**Student:** 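Below: one structure in structure tokens.
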Amino acid sequence: MSIRVQTEDFDLTAELAALRSSKTDIGAIVTFIGMVRDLNEGDAISTLTLEHYPGMTEKSLSDIEKEANSRWQISQSLIIHRVGTLKPQDQIVLVAVTSPHRAEAFAACEFIMDYLKTKAPFWKKEKTSQGERWVEAKSSDDEAQARWKQSD
Amino acid sequence: MSIRVQTEDFDLTAELAALRSSKTDIGAIVTFIGMVRDLNEGDAISTLTLEHYPGMTEKSLSDIEKEANSRWQISQSLIIHRVGTLKPQDQIVLVAVTSPHRAEAFAACEFIMDYLKTKAPFWKKEKTSQGERWVEAKSSDDEAQARWKQSD
Amino acid sequence: MNIKILYFARIKESVNYSTEDILLPHNVKTITDLKSYLAQRGDVWTDLFTTQQTIRAAINHELVDNTAIINDGDEVAFFPPVTGG
Amino acid sequence: MNIKILYFARIKESVNYSTEDILLPHNVKTITDLKSYLAQRGDVWTDLFTTQQTIRAAINHELVDNTAIINDGDEVAFFPPVTGG
């Protein structure tokens, strides 16, 4: 389990090579990459700036990884989230999960993204021709996260 | 939509760069990589050889991509499947799906893999210290595919 | 009618053929008929095409079931359940 | 008791503070109490901490609800709903 919060971009091939290097029981790798879209609510985006809460971010991502690890058979997982100022089509986030079984890798990767979207303390501010504005949270993200709730 | 059946390995970063180059409305990329496992049914694998049915393979993968495209909002998709003789931890298959929305990218990518596993004409033969043997189809793969059936 | 038959994987190894062009008698109209016809060749053919062993069939690159009709010039394929991915 | 308060994103810009160390009166025990206490500062503070605006709170890097108890030395944070990923 590994977590990084960084301003630098990441290279998927290199990250996956590192993730796989120590394991030989991997049958499946599922990865998610989130990118800056060129449009939001009809306006062209020139830049997107990500702020976060150092300390809580790492704790929150680590808690999400641990929860995924307790629910599914995961060999390795990696979360990289960028902060700072990005342009359209820049990579924002990488979640990679390896597992002996593909269904577990898919579920764990999607779970991590749905929780990250609603629990991890990141905030986006976008610059458009209309000026700067904070991105609003989406209720669809809350609904996506709520799907995973377990009844005790 | 793009399909390749090849003996050569593939590089994920390069494939995704090509996939993304023509589109600017992408918010999410989900990728699946399947790899040769080092063990199957308790025996160490020395090589895995993939046979396929040229012509039907391409048609079958193309039909699966089209079906995924009709069910979800996909910007681009790519399927690469290797054939020939591979070693443990070699990459076998890549499925990459880009979409404006992450839930659609996850669903389409997993759908393509579940259908590929049960519909596309590939067969695996593995070499172990016990000799060569054809890999048996798994009922869990049929069940994974059956989940996606739509009631009319 | 004339058709082409292809065999793959375990079945190809059993029959020791990968492909054949064959002239079918008039009473062979479906995949079931073709399996019975091939089973008459005896030995491994009988084992393969009359037992409960699962054999998948395709006509012209499309998966079909046993009731599918075969037409002149078709490419028919027999193979075990697929194991790619 | 003494605590540290951090503000993020839209809230940080509104109050024009990113962090403050503060000595709380004895009657401020929960997040709800702290919000009421901060609202007394007037202007933008009143707007932020008394309206229906959604504000998330964390204590020591853990998301909490309004009933959570604050202890001496805690790091409390206020921020809008998160929008990462």
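Since we're looking at a predicted model, the values are computed, not measured. Just so it is clear: chains get the letters A, B, ... in the order the sequence lines come, proteins before strands, and each one is counted from 1.
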**Student:** Is it the side chain or the backbone of Lys138(A) that comes within 4.5 Å of chain D heavy atoms, both, or neither?
**Tutor:** neither

**Student:** Any side-chain to backbone donor/acceptor pair from Asn60(D) onto Glu75(D)? Under 3.5 Å, distance only.
**Tutor:** yes

**Student:** Indicate yes or no: does Glu132(A) engage Lys125(A) in a salt bridge with an N to O separation below 4.0 Å.
**Tutor:** yes

**Student:** Hey, is Arg133(A) close enough to Glu13(D) for a salt bridge, meaning N to O under 4.0 Å?
**Tutor:** no

**Student:** Just give me the residue among His52(A), Met113(A), Lys117(A), Glu136(A) that pairs up with chain D most often, heavy atom to heavy atom, under 4.5 Å.
**Tutor:** Lys117(A)

**Student:** Please work out which of the three classes, parallel, tilted or perpendicular, describes the rings of Phe78(D) and Tyr7(D), given edges at 30° and 60°.
**Tutor:** parallel

**Student:** Based on non-hydrogen pairs under 4.5 Å, which of Phe32(A), Trp123(A), Phe122(A) is most in contact with chain D?
**Tutor:** Trp123(A)

**Student:** With chain D as the partner chain, list the residues of residues 53-75 of chain A whose heavy atoms fall under 4.5 Å from it, by residue number, and write 'none' if nothing qualifies.
**Tutor:** Tyr53(A), Pro54(A), Gly55(A), Met56(A), Lys59(A), Asp63(A)

**Student:** Look up atom CD1 in Ile11(D) and atom CH2 in Trp45(D), then write down how far apart they are to the nearest 0.5 Å.
**Tutor:** 10.0 Å

**Student:** Under 3.5 Å, is there a donor on one side chain and an acceptor on the other for Thr49(A) and Thr85(A)?
**Tutor:** yes

**Student:** Have Glu126(A) and Asn40(A) got a donor and an acceptor in their side chains that come within less than 3.5 Å?
**Tutor:** yes

**Student:** Check this for me: does any side-chain nitrogen of one of Glu15(A) and Arg20(A) sit under 4.0 Å from a carboxylate oxygen of the other?
**Tutor:** no

**Student:** Answer with side chain, backbone, both or neither: which region of Ala9(D) has an atom nearer than 4.5 Å to a non-hydrogen atom of chain A?
**Tutor:** both

